[in-house]
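All values below were derived from every heavy atom in this structure, side-chain atoms included, with hydrogens, water molecules and symmetry-related copies excluded.
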Amino acid sequence: MPEGHTIHRLARDLRNDLKDQAIEATARQARFADGAARLDGEVLSDAEAYGKHLFVHFDSGDLLHVHLGLVGKFRRRSPSDDPSDALRVRLAAGDAAWDLTGAMTCALVDPDHRASVVEKLGPDPLRRDGRSGPFIDAVQSSKRPVALQLLDQSVIAGIGNVYRAEVLFLMGIHPKTPGDRLDADQLDTLWTLTRDLLRDGVRRNRIVTRTKDELPRGRITPSEALYAYKRAGMPCRRCEDKIARTEIANRKIWWCPTCQPA
DNA sequence: TCTTTATGGTGAG
DNA sequence: TCACCCTAAAGAT
């Protein structure tokens, strides 16, 4: 479930479990055996999220750069649990063992590399240093469809395919609206809404976009949590139209033709 | 037991 | 624009 909220939650959980502790680092696959061997015994000083990138800082100056991609997972296990064959690396200390599998990126890097990664990213609404200005300027300076721009991590860092469908629905914006057709107030509201949804996602450790008064009580099933994403053919929750689906640049996007007119 | 799909991104053509 | 990478759950047979 890796959109920005997942990574920020992960950074927080890793800090809580492992900060200032000497880490036992183990690998099961050959491709990160050297990295794990080098990290083994180093003290974890911080864990930081920037968009969908995770940087785990060590006292030595080493950084572990992780990007979960589509299928990566970083799960909390017990040190006594036998890791799966797919284990890329385990970071363990005390009674916590964090197992990484399926990650698109798992590499030991230095601060210069971190800087070069961050330099390519747009502002992250979940970070203290995230500002809406550069986001608004970037969107307005391009005719590309807003849905395309919201997935472009150099425009805004942390939005994925679920949040983009949901935020466009909530804003009543058609996915193919050219960026330069949106005004600054609208984009500022979109930024704030995105930030609030992401924060809620960090808190819940899942994506729930429907407003509190609309949500059923008790346990919320995946299909109840959202307005548009993966709801093609189902009735819109705000009108009687049916949710539509199309593709933009090989990614599916769902929207309500009535609530989000062209 | 198989095939498909996925909340992502890169690099080749 | 497309093939491809990584893994695992869901869907099809």
* Rounded to the Å, how far apart are Leu70(A) CG and dA6(B) P? -> 9 Å
* **dT7(B) phosphate, OP1 or OP2, under 4.0 Å from Lys52(A) side-chain N/O** => no
* Whole Å only: how far is the CG atom of Leu148(A) from the P atom of dG9(B)? -> 13 Å
* Asked: Expressed in whole Å, how much space separates the P atoms belonging to dT4(B) and dA3(C)?
  -> 14 Å
* N/O (side chain, Lys252(A)) to phosphate O (OP1/OP2, dA6(B)) under 4.0 Å -> yes
* **Contact summary for Asp124(A) and His8(A), nearest pair of heavy atoms** => OD2-NE2, 2.7 Å
* Asked: Given dC6(C), is OP1 or OP2 found less than 4.0 Å from the side-chain N or O atoms of Arg88(A)?
  -> no
* Separation of dT7(B) P from Arg231(A) CZ (nearest whole Å) -> 16 Å
* **Length of the CZ-P vector between Phe32(A) and dC6(C), whole Å** => 16 Å
* Scan Glu247(A) against the nucleic acid and name what it touches under 4.0 Å (heavy atoms): base, sugar-phosphate only, or nothing. => nothing
* Structure fact -> Walking DNA chain B from its 5' end, the first of Val71(A) and Met104(A) to be reached, judged by nearest nucleotide, is Val71(A)
* Find the distance Leu168(A):CG to dT7(B):P and express it as a whole number of Å. => 15 Å
* Asked: If only side-chain N and O atoms of Arg251(A) are considered, is one of them under 4.0 Å from the OP1 or OP2 phosphate oxygen of dT7(B)?
  -> yes
* To do: Starting at CG of Leu108(A), measure out to CG of Leu39(A) and round the result to the nearest 0.5 Å.
  => 4.5 Å
* Candidates dC2(C), dA8(C), dT7(B) - which lies nearest the side chain of Asn250(A) -> dC2(C)
* **Short side-chain N/O contact to dT10(B) OP1/OP2 from Gln153(A), under 4.0 Å** => no
* Could you work out which one of dC6(C), dG9(B), dA6(B) sits closest to the side chain of Lys230(A)? => dA6(B)
* Asked: Going from CG on Asp82(A) to CZ on Arg77(A), what distance comes out if it is rounded to the nearest 0.5 angstrom?
  -> 10.5 Å
* Answer yes or no: does a side-chain N or O of Tyr229(A) lie under 4.0 Å from OP1 or OP2 of dT7(B)? => yes
* Over all atoms of both residues, closest heavy-atom pair of Leu198(A) and Gly158(A) -> CD2-O, 4.3 Å
* Sub-4.5 Å side-chain heavy-atom contact between Gln186(A) and Arg181(A) -> no
* Asked: Mind checking the P distance from dT5(B) to dT13(C)? Whole angstroms is fine.
  -> 11 Å
* Check every atom of dG9(B), dT7(B), dT7(C) against the side chain of His67(A) and return the nucleotide holding the closest atom. => dG9(B)
* Asked: Which part of the nucleic acid does Gly160(A) contact within heavy-atom distance under 4.0 Å: base, sugar-phosphate only, or nothing?
  -> sugar-phosphate
* Atom pair distance, as rounded to whole Å: CG in Leu54(A) and C1' in dT7(B) -> 16 Å
* From the list dT7(C), dA8(C), dT7(B), which nucleotide is the closest neighbour of the side chain of Arg75(A)? -> dA8(C)
* **C1' atoms of dC6(C) and dT1(B), separation to the nearest Å** => 22 Å
* Take the protein atom CG of Leu87(A) and the nucleotide atom P of dC6(C), then report the distance between them rounded to whole Å. => 16 Å
* Among the nucleotides dC6(C), dG8(B), dT7(B), which one has an atom lying closest to any side-chain atom of Arg31(A)? -> dC6(C)
* To do: Please lay out, stage by stage, how Arg76(A) and Asp13(A) fare under the test salt bridge (charged side-chain N to carboxylate O under 4.0 Å, His left out).
  => CA-CA 9 Å; Arg76(A) 191 186 201 277; Asp13(A) 290 345; over 6 Å; no
* To do: Would you kindly give the CG-to-P distance between Leu151(A) and dA6(B), to the nearest whole Å?
  => 14 Å
